[in-house]
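Below: the structure, in structure tokens.
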Amino acid sequence: MNPLLTLFSCFGKKLRGLQIACIWLTAISCSPVDSEKLNVVEKWRIFELALEGPSEGNPYMEVALSAVFSHKDTEIKVPGFYDGNGDYYIRFSPPETGEWSYITQSNETSLAKQQGKFKAVDPTGSNHGPVEVYQTHYLRYADGSPYFAVGTTAYQWTSVDQHIQEKTLATLAEAPFNKIRMCVFPKSYIYGNEVEPWAYPFFREDEENDFSRPNFEFFQNFERRLAQLQKLGIQADVILFHPYDRWGYSSMGATWNERYVRYVMARFSAYSNLWWSLANEWDVPEIKDAIDWEGLGTLLQQEDPHQRLRGIHNWYGSEDHFYDHTAEWITHTSTQTSQFYNAERWREKYGKPLLFDEMRYEGDVPSGWGNLSGEEMASYFWMAAFSGGYPTHGDTYENKADDQTEVRWWAKGGLLAGSSPDRIAYFKQWMQQTPFSEMKPKLIPGEDPENLSTNQYYLSLDQELYWAYAAASGQQLQITLTGETPYQLQVIDTWNQKVVEEQEVISGNFSFQTKQPYTAIRLERKRASP
């Protein structure tokens, strides 16, 4: 065995922050290997190459490391990273099955020209691969399985005390969410965000940062959380920059910004549940012109070996605060807005999936963005989906995750205190039975479209399935049911989570008046008995 390479062990010191991921990672040696006994890793999981190299000086700044992975006619260059104590890693998530070979490149002789092979095998179980754009406006898993994003937000949950992080994971394990928005950097803001993080991303002394010296323990913890989310089936929408900062991470400058982005790309990109979000509220004045959004977005587009989804989130909810989502590097629109009545136009304007990544939050804070009722938060999910978009939740109530500090889910995670998650789970059950990517959204505005409860929201798959939703009682929903066969009507009380009426209806012009608020109707074509 080449002494520069060490076998990854679930029990050795090399594991450190990756215990939960060890079953998905493979480390290899450069010894000659029989082709029938190649190290194996599932397609879309992580193949990790662990190397030992120099620790003197500052390897983060001085050592360049990468590898070229080859399979048939495919070559993919993958950056490596330094993790302290002379430990170097290269992580690769194979996009195809079969035999892969690699050769390392480095300005450090001992790390260069290391060669080896491994075999990627068919995925098993819940390994559906990364989420990808499908048919312009929709999302799915790489294996073709449907994916409907049911999101939540816990901005700095990985920066708070470890016991709160563990409570967050336990809460997510029971919650309906399959996507979470989360920052790399800690957050400084009102409503309990004034505390110091459990660890700083870079070495810090006397309130001075040394951006040339990452805190490896901080990044090991972050990637451990990515792996735990992956095991729970949750996509991690990782926010690289934000303006709510008193430590200097939003003002590092162009050189350090780029080095930081390259570093997290090397560390995190191989996790198949990772998405990139360049910013939370990119256009807040403190960061709008201080960070080269186009340059960093293009960097990820051109150099991320795994081509994870890329977005950028805006400040106020109006369109004039949106980033130009037609930019080539952007894969999906990430919006802070509840203007569902504009969704159809935005889908056509940007030609990308529309994610309502912040449509206000359930809670009780004085700020208008954070005091929706549970009924309103749950209702927004139906509105967003039937507008052709993917919705995201947040909860600003103080919860009991910690007796020492103020904890609110939207900021720190912990526990969910609101009443909407159970109703969102009910919504998710219905959407999982709906071929969303085949359906067309349509909104019928009321006299005042900005009064969301007076609008009517429709999804249709002609001659097969029709949905309609109204938040107010007394709404007259009208649908033209095409074809000759009858349809099965289900009237759904979405808040009380029950079907309140079922009957067969004939095709043609159908009309239904809602009898209670938060009503959805579902009409599916009946099929002849075999």
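Every heavy atom of this structure was used, including side-chain atoms; hydrogens, water molecules and symmetry mates were not. Treat the numbers as computed from the prediction; the structure is a model and nothing was measured. Index from 1, following the sequence.
- Taking D237 as the reference, K179 meet the side chain to side chain donor-acceptor pair (under 3.5 Å) condition, with sequence neighbours excluded.
- Residues passing the salt bridge (Lys or Arg N to Asp or Glu O under 4.0 Å) test with E348: none are found, sequence neighbours excluded.
- Screening residues 254-275 for salt bridge (Lys or Arg N to Asp or Glu O under 4.0 Å), with sequence neighbours left out, gives D83-R267, E223-R267, E258-R262, R262-E303.
- Checked against the 6.0 Å centroid criterion, the rings of Y390 and F436 qualify as a close aromatic pair.
- Between F118 and F92, the ring planes lie perpendicular to each other; the angle is over 60°, past the 30° to 60° tilted range.
- Here the two rings, on F203 and Y60, have centers that are 6.0 Å apart or farther.
- With respect to E464 and R527, a salt bridge is recorded, a charged nitrogen being found less than 4.0 Å from a carboxylate O.
- Under the 4.0 Å criterion applied to side-chain N and carboxylate O atoms, K119 and E42 are not assigned as salt-bridge partners.
- Under a 3.5 Å cut-off, the side chain of T153 and the backbone N or O of G394 do not form any donor-acceptor pair.
- For F386 and F340, the distance between ring centers is not under 6.0 angstrom.
- Taking Y147 as the reference, N178 meet the side chain to side chain donor-acceptor pair (under 3.5 Å) condition, with sequence neighbours excluded.
- With hydrogens and angles disregarded, a donor-acceptor distance shorter than 3.5 Å links the side chain of T168 to the backbone of G414.
- Contact of the N193 side chain with the W410 side chain is registered, since non-hydrogen atoms from C-beta on lie closer than 4.5 Å.
- Ring pair Y323/W282 is perpendicular by interplanar angle, where above 60° counts as perpendicular and below 30° as parallel.
- Between F427 and F148, the ring planes are perpendicular. Angles over 60° get that label, and only those under 30° would be called parallel.
- Legend: residues meeting salt bridge (Lys or Arg N to Asp or Glu O under 4.0 Å) with K349, ordered by chain and number and at least two apart, are E319.
- Within the 4.5 Å cutoff, the side chain of H325 has no heavy atoms near those of the W346 side chain.
- Without hydrogens or angle criteria, S269 side chain to D304 main chain gives no donor-acceptor distance under 3.5 Å.
- Ring geometry for H332 versus W275: interplanar angle over 60°, hence perpendicular rather than tilted (30 to 60°).
- Rounding to the nearest 0.5 angstrom, the gap separating the CG atom in L459 from the CH2 atom in W382 is 10.0 Å.
- Of the possible polar contacts, one joining the Q165 side chain to the T158 backbone as a donor-acceptor pair under 3.5 Å is found.
- For F202 and F211, the gap between ring centers is short of 6.0 Å.
- A distance-only check finds a donor-acceptor pair linking the side chain of S106 to the backbone of E108 [under 3.5 Å].
- When side chains are defined from C-beta on, W157 counts as touching I180, because their heavy atoms get closer than 4.5 Å.
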Check the pair Q230 / S272 against side chain to side chain donor-acceptor pair (under 3.5 Å), numbers first and verdict last. CA-CA 8 Å; Q230 185 178 50; S272 63; 2.7 Å; yes

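- The residue from V184, L278, V261 that alone fulfils the side chain to side chain contact (heavy atoms under 4.5 Å, CB included) condition with F241 is V261.
- Under a 3.5 Å cut-off, the side chain of T333 and the backbone N or O of P353 do form a donor-acceptor pair.
- For the residue pair T171 / W409, no side-chain donor-acceptor distance below 3.5 Å is found, with atom types taken as modelled.
- The six-membered or imidazole ring of W247 lies away from that of F185, with a centre-to-centre distance of 6.0 Å or more.
- In terms of modelled atom types and a separation under 3.5 Å, the side chain of K187 and the main chain of Y155 share no donor-acceptor contact.
- Counting only distance, with no hydrogens or angles, the side chain of R308 and the backbone of A270 share a donor-acceptor pair below 3.5 Å.
- For the side-chain hydrogen bond (donor to acceptor under 3.5 Å, both in side chains) criterion with E281, the lone passing option out of H321, Q336, H242 is Q336.
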What do the steps show when you test W430 against R522 for side chain to side chain contact (heavy atoms under 4.5 Å, CB included), and what is the final call? CA-CA 10 Å; W430 284 108; R522 183 180 187 273; 3.6 Å; yes

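- In this structure a side-chain-to-backbone donor-acceptor pair under 3.5 Å is missing from E174 to A170.
- Under the 30°/60° scheme for interplanar angles, the aromatic rings of Y102 and F47 are found to be tilted.
- There is no side-chain donor-acceptor pair under 3.5 Å between Q302 and W329.
- Side chain of T392 to backbone of E358: no donor-acceptor contact under 3.5 angstrom is found.
- Tested against H313 for a side-chain hydrogen bond (donor to acceptor under 3.5 Å, both in side chains), the candidates D357, T335, N280, D283 yield a single pass: N280.
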Could you go through Y263 and F219, starting from their C-alpha distance and side-chain angles, then the distance that decides it, and tell me whether this counts as ring-ring contact (aromatic ring centres under 6.0 Å, His included)? CA-CA 10 Å; Y263 187 65; F219 289 102; 5.4 Å; yes

Would you check, one step at a time, whether the test side chain to side chain contact (heavy atoms under 4.5 Å, CB included) holds for Y141 with N127? CA-CA 9 Å; Y141 289 107; N127 179 10; over 6 Å; no

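- Partners of E132 under the salt bridge (Lys or Arg N to Asp or Glu O under 4.0 Å) rule, at least two apart in sequence or in another chain, are R140.
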